[in-house]
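See below for the structure under consideration.
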Amino acid sequence: MPSSITTTTSPTEIAHYIGGSVAAGQSDRHQDVFNPATGAVTGRVALASSAEVDTAVAAALAAFPKWADTPPIRRARVMFKFLELLNLHKDELARMITAEHGKVFTDAQGEVSRGIDIVEFACGIPQLLKGDFTDQVSTGIDNWTLRQPLGVVAGITPFNFPVMVPMWMFPVAIAAGNTFILKPSPTDPTPSLFMAGLLKQAGLPDGVFNVVQGDKVAVDALLVHPDVKAVSFVGSTPIANYIYETGARHGKRVQALGGAKNHMVVMPDADIDQTVDALIGAGYGSAGERCMAISVAVLVGDVADKVIDKLVARTHELKVLNGSNLEAEMGPIVTRAAHERITGYIEIGEKEGAKLLVDGRGFQGARAGAGCDNGFWMGGTLFDHVTPEMRIYREEIFGPVLSCVRVHDLKEAVDLINAHEFGNGVSCFTRDGNVAREFSRRIQVGMVGINVPIPVPMAWHGFGGWKKSLFGDMHAYGEEGVRFYTKQKSIMQRWPESIGKGAEFVMPTAK
């Protein structure tokens, strides 16, 4: 932790960060923070009242004029220093993720690294904010555009990526000249305060970045606050829809990324061993708690006969261990409630007639390591002969449950996926270039991988799905992220010497 800030007001109390300082919660509402591997309570996070949200917005609003007027190159220098500090402390952040979310340490390191990519992108903000200029659009008149920050903007982020997803938002927003309020998940709140400390150490002025811990009370306060100009959100589709409708109704720009049901099409010519590796890693990595996790394998033709037995064996062999163990391939489920929800879906799948090949419900925490008996443990689960009518196919489970659907040909696979209400990510494993090209063009999904199981775009591209996986017009980060956090202004200018005499009553045209 940087010397300039601590994460708590006492060893177990996790607080807010407002106006450059840790701010203890003023409401009497708190939520326990757990270590999912052991089930032990490790802290208590404050849940903000609407009054505390008002205080954070006021701090951000007060800081905005000076920060917006700061030259982009100087804002970039703060980002460069922040980048340097992140690289020095990235393993500390990863350990926090493992302790509060449960994902394995190496996966947490990968999360931090992908967040760092966005900070590197944001360091190029002087170039990214450049406008267009046209000389002599009409006699004596020049026309140019510029991009200016919106003001106070907010990010509402999920439990599954407590570092990377906030970094999809605040580095670009801040570099563009906005001030920012982060409302992280109360499930794993500590990394948000750590990042606040690094930003302060990097020289970010007080009030430019604020953290309000909380639940729906804080979310609603941000959505209706007149001084919050834009809201970014990542989470489930029902909440994304609510965020979008409520924020838009209150005049805000909204970018709300929702749920997913990501398919991986396996063609008969695919490399079978590579395919199985991809399905195991993308299906069970981070215990399936990724919006880009592969939860449906679409097996084309006779390829199922080549894949299923290998999938069963590999699922049984998964190394489900405490995330701090470097041998771990999968850690615990994030909360007891999530564990119960996933267990319920497995029961539903059995009742609906899917063939349960591997059942993860019997996994005993003692196998995961010392002290893990009371953790939120589950093994990998594998279903075959899943059909589109089943709830385990239609709904997002967000856990280590992989469903196999059998189809006859590529057209049936494409039609199946296009009929689904979600359109976040998809993958196709094949050796055939024409299949790859046609699949990429025909599929109605926002992010496509060809022999890439989790096609998360890099920092200079944008992240976002189609259909009910995205509410709003612009994707996260990349150039679309810059556009989301700025507004374009067009300026036309001429000087008195070029202005003719007399009033003009017709629509101006180029002369």
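Heavy atoms only: backbone and side chains are in, while hydrogens, waters and symmetry mates are out. Note that the structure is predicted; figures quoted are calculated from it, not measured.
The shortest distance between side-chain heavy atoms of His16 and Val211 does not fall below 4.5 Å. Proximity of Phe64 to Pro149: side-chain heavy atoms (C-beta onward) are separated by under 4.5 Å at one or more points. Put simply, the side chain of Lys130 does not reach to within 4.5 Å of the side chain of Ile125, judged on heavy atoms. Taking the side chain as every heavy atom from C-beta outward, Met169 and Val234 approach each other to under 4.5 Å. Between Asp188 and Ile97 the shortest side-chain heavy-atom distance does not fall below 4.5 Å.
Taking the ring centre of Phe233 as origin, the terminal cationic atom of Lys183 falls outside the region bounded by 6.0 Å and 45° from the ring axis.
For the 3.5 Å distance criterion, the side chains of Thr55 and Glu52 fail to qualify, holding no donor opposite an acceptor. Under the 3.5 Å distance criterion, with hydrogens and angles disregarded, no donor-acceptor pair is assigned to the side chains of Tyr17 and Ser192.
With ring centers used as reference points, Phe121 lies 6.0 Å or more from Trp460.
Residue-environment remark: NZ (Lys468) stays at or below the threshold of 12 foreign heavy atoms within 6.0 Å.
Checked against side-chain contact (heavy atoms from CB on, under 4.5 Å), Pro36 has the following partners two or more places apart in sequence or in another chain: Pro332, Phe376.
With rounding to the nearest 0.5 angstrom, the CH2 atom of Trp466 is 11.5 Å from the CE atom of Met447.
Ring orientation note: the planes of Phe194 and His89 are nearly perpendicular, at an angle over 60° on the 30°/60° scale. Between Phe463 and Trp168, the ring planes lie tilted relative to each other; the angle falls in the 30° to 60° range. Between Phe398 and Phe159, the ring-plane angle classifies as perpendicular under the 30° and 60° cut-offs.
The stretch residues 387-397 participates, sequence neighbours left out, in these side-chain hydrogen bond (donor to acceptor under 3.5 Å, both in side chains) pairs: His263-Tyr393, Tyr345-Glu395, Thr387-Glu389, Arg391-Glu395.
Ser490 pairs with exactly one of Thr145, Asp132, Asn143 by the side-chain hydrogen bond (donor to acceptor under 3.5 Å, both in side chains) rule, that one being Asn143.
Using a distance-only test at 3.5 Å, with no hydrogens or angles considered, no donor-acceptor pair links the side chain of Gln213 to the main chain of Ala46.
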